[in-house]
Structure formats: C-alpha cells, structure tokens
Amino acid sequence: MADQEKGAMERREETRPAERTRIEREYSPDVDIYETEKELVLVADMPGVERQSVDVDLSGGVLTVTGRVKARRLDDGFGCIDCEFRPGDFSRSFALSEEIDSSKIEASMSRGVLRVRLPKATPESRKIAIKEG
Amino acid sequence: MALWNWTTDWDPWSALRLAARGTGWERQAFPAINVYESGEAFGVEAEVPGVAPEDLDLTVEGNVLTISGVRKGDEFKGTFHRRERPAGRFSRSLSFNVPLDGGHVEAQCTDGVLVARIAKAPEAKARKIAVKSA
C-alpha cells in the first residue's frame with residue numbers, strides 16, 4: 001500500500017512538469033474514493049466551482065480532476081476581517097491501477113461536489129485471443 | 001472598521017492557516033468561513049460542498065451568528081480507498097463586536113458556497129457626520 005502511494009506521488013509530479021501561467025492558488029480537493037465490483041467512484045469537494053469549469057482527464061493511467069473557482073460574490077464595499085480560505089482552483093491526480101473503460105466514464109457536478117464514475121473494463125474486452133499455431 | 005488596528009485586528013494564525021491549507025496535516029473546522037465587514041453589514045462566505053440548502057440553518061441571536069446543518073454522506077456499496085470528506089452534523093458560531101439585525105439577513109448558496117449578508121443593528125451602523133462650516 002505504501003509503495004502504491006509513493007508511486008502515485010511520483011507520477012503526479014511527472015504529469016505536472018510545467019508551472020501554471022495563472023497566479024491563482026491551486027488546492028488539492030478532499031476526496032472519497034471507493035470501489036465496487038464494477039466501478040471505481042471518486043467524489044471530490046470543489047466548493048465554488050461551476051459545472052462548466054470542471055475538467056476530468058484520464059491519460060496514461062493517470063486521472064486528473066481540475067476545477068476553476070469563480071471570483072467571490074461579495075461586492076467591493078466588504079473588506080475581509082477574518083479569512084480562513086482564499087479562492088483558488090482545485091486540482092488533483094491519481095494513478096489508477098485498475099483497467100478502466102475510458103469510453104464509459106461519467107462525471108457529474110452538484111453543489112460543489114464532483115462525482116466521477118469509472119467503470120472497470122470487462123474481462124472479455126481485456127482478454128487476448130490465442131490462435132492455434 | 002475605519003482603521004486597521006494591529007492590537008485587535010491582527011491574527012497571527014491566519015497566515016499559518018492559509019499556508020497549511022491543502023497540505024493534509026491541518027484539519028480545520030467545517031465549514032471554512034470567511035468574514036467580511038462593510039459600514040452597514042457583515043458578509044460571510046462558508047464552504048459547504050454537498051450540503052442541500054434545506055439542510056443548512058442560519059440563526060442570529062444578539063451579536064452571534066450560527067451556521068449549522070448536516071452533510072449527508074454518500075450511499076455506497078464497496079470498499080473505501082480514501083475517505084477525506086467529513087460527513088454528519090456541523091455547527092459554527094461567530095460572535096461579532098456589535099449586535100446584528102436578525103431581520104435583515106440575505107443568504108444564498110451557490111455551487112457549495114454559502115454567501116450571507118447580515119445587517120448590523122441600527123445603533124451599530126457607521127454614521128456619516130456632516131461637518132458644518134463656521
């Protein structure tokens with residue numbers, strides 16, 4: 001398990017070799033990940049992210065979720081007196097060990113929570129037919 | 001708030017909290033809240049992803065604003081690999097240095113962020129004083 005985690009971290013570094021051009025902060029969203037027989041489900045908290053500003057990408061066995069946060073809604077007359085968070089975008093990547101059927105990935109966004117369902121590839125589609133020689 | 005007063009307004013922990021965010025070793029209270037002030041009102045932003053508006057309560061009593069509610073967990077069947085999102089009941093109270101006007105509160109929840117404007121009680125509002133010429 002520890003080794004898998006390390007692998008995921010190393011890969012994550014590899015997938016983001018370049019610096020961002022935007023100056024905004026980028027946070028790592030809190031996630032739940034669970035697995036059933038048929039699929040892997042990722043749930044990520046991305047408060048302040050609209051549906052249109054979410055991006056889910058699976059390439060090279062690495063799943064990346066990104067969300068852009070809209071500027072906050074209080075008008076200029078308000079000055080911050082105690083701020084626990086600053087608006088920033090969200091991004092996080094995971095190395096997937098299961099074979100995922102990428103054509104059937106479904107993602108939905110509701111109340112600032114992203115849900116991604118990643119169906120596992122069926123054994124039939126992964127099976128390689130052996131010819132008689 | 002006319003002038004920034006370091007004896008009362010400076011919060012040495014705010015920078016630390018911001019720096020710690022997203023690193024995983026901090027477990028801050030849920031929800032994270034930003035507090036703003038104008039002459040007439042206070043503004044509050046709270047990050048409440050996944051909370052339905054009907055499960056969210058705002059109450060004003062004297063100079064205390066309380067944000068409470070419940071965040072329902074997902075129904076799932078399977079094995080958890082990661083579980084970082086808190087679920088269940090939550091409640092946070094903010095006490096202000098002036099009384100609030102519970103009759104003038106506007107609150108809206110969009111994309112998991114609650115934005116509320118709470119008017120200051122009439123006696124606490126900033127007053128503009130006209131200066132007469134002699």
Side-chain angles (χ1 to χ4, degrees), chain A residues 1 4-5 8 25-54 67-70 72-92 94 96-98 109-115, chain B residues 1 4 8-9 11 13-14 17-18 21-24 27-53 55 71 73-74 76-87 92 94 96-97 108-117:
Chain A
M1 189 62 208
Q4 272 178 24
E5 289 254 353
R25 276 145 211 277
E26 197 174 56
Y27 297 114
S28 176
D30 287 342
V31 299
D32 285 348
I33 299 176
Y34 59 88
E35 185 179 352
T36 65
E37 253 173 57
K38 289 182 176 153
E39 62 184 4
L40 203 63
V41 180
L42 176 131
V43 188
D45 282 344
M46 295 186 174
V49 176
E50 289 178 301
R51 183 179 313 202
Q52 306 90 287
S53 328
V54 186
R68 258 191 196 189
V69 168
K70 214 169 70 173
R72 298 294 167 165
R73 285 148 284 256
L74 280 162
D75 43 278
D76 293 342
F78 285 95
C80 193
I81 54 173
D82 182 17
C83 286
E84 295 179 343
F85 62 89
R86 270 186 216 163
D89 298 341
F90 292 98
S91 185
R92 198 161 169 185
F94 296 95
L96 301 179
S97 52
E98 289 286 340
M109 189 77 190
S110 160
R111 295 177 184 137
V113 179
L114 171 71
R115 282 189 176 75
Chain B
M1 193 172 64
W4 195 79
T8 55
D9 302 335
D11 175 4
W13 306 112
S14 68
R17 280 200 302 267
L18 283 172
R21 188 162 181 205
T23 55
R27 225 37 274 174
Q28 62 178 22
F30 185 89
I33 293 175
N34 280 354
V35 185
Y36 301 83
E37 186 179 16
S38 74
E40 308 271 288
F42 289 104
V44 171
E45 281 176 345
E47 290 189 327
V48 286
V51 180
D55 291 333
R71 179 152 103 149
D74 269 25
F76 72 96
K77 290 180 192 114
T79 326
F80 262 107
H81 294 309
R82 294 198 187 226
R83 195 161 202 182
E84 302 168 353
R85 303 170 60 244
R92 284 193 76 184
L94 307 167
F96 293 88
N97 53 1
Q108 210 186 351
C109 205
T110 318
D111 300 321
V113 180
L114 168 76
V115 179
R117 289 172 187 79

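Computed from heavy atoms alone, side chains included, the values below leave out hydrogens, waters and symmetry copies. Reminder, nothing fancy here: chain letters follow the sequence lines and each chain counts from 1.
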May I have the step-by-step check of side-chain contact (heavy atoms from CB on, under 4.5 Å) for A:Val113 and B:Arg85, ending in yes or no? CA-CA 10 Å; A:Val113 179; B:Arg85 303 170 60 244; 3.6 Å; yes
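- In this structure, no portion of A:Leu42 lies under 4.5 Å from any heavy atom of chain B.
- In this structure, B:Glu84 and A:Asp45 have side chains that are not in contact, with every pair of non-hydrogen atoms separated by 4.5 Å or more.
- For the atom pair CD1 of A:Ile33 and OG1 of B:Thr79, the computed distance is 12.5 Å after rounding to the nearest 0.5 Å.
- A:Val31 touches chain B through backbone and side chain together, each having a heavy atom under 4.5 Å away.
- Of the inter-residue distances, the one linking B:Arg117 atom CZ with A:Leu74 atom CG reads 5.0 Å to the nearest 0.5 angstrom.
- Distance CZ/A:Arg111 to CG/B:Asp55: 8.0 Å, rounded to 0.5 Å.
- Here the side chain of A:Asp32 pairs no donor or acceptor atom with the backbone of B:Phe80 at under 3.5 angstrom.
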Any chance you could lay out the side-chain contact (heavy atoms from CB on, under 4.5 Å) test for B:Asn34 and A:Phe85, step after step, and finish with the verdict? CA-CA 7 Å; B:Asn34 280 354; A:Phe85 62 89; 3.5 Å; yes
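- Look at A:Glu35 and B:Arg82 and you find no salt bridge, because none of the NZ, NE, NH1 or NH2 atoms lies under 4.0 Å from a carboxylate O.
- Residues A:Pro47 and B:Gly112 share a closest heavy-atom pair of CB-O, 3.7 Å.
- Put simply, CE on A:Met46 and CD on B:Glu47 are 12.5 Å apart, with the number rounded to the nearest 0.5 Å.
- Looking at A:Val41, there are no atoms closer than 4.5 Å to chain B (heavy atoms on both sides), in backbone or side chain.
- Of the listed residues (A:Gly77, A:Ala44, A:Pro29, A:Gly79), the greatest number of heavy-atom pairs within a distance under 4.5 Å of chain B belongs to A:Gly79.
- The ring-ring contact (aromatic ring centres under 6.0 Å, His included) check on B:Phe96 picks up B:Phe42, with sequence neighbours excluded.
- Annotation: the span from A:Phe78 atom CZ to B:Glu40 atom CD amounts to 9.5 Å, rounded to 0.5 Å.
- Expressed to the nearest 0.5 Å, how far OG of A:Ser110 lies from CG of B:Asp111 amounts to 9.5 Å.
- Most heavy-atom pairs under 4.5 Å with chain B: of the set A:Arg51, A:Glu39, A:Arg115, A:Glu37, this distinction falls to A:Arg115.
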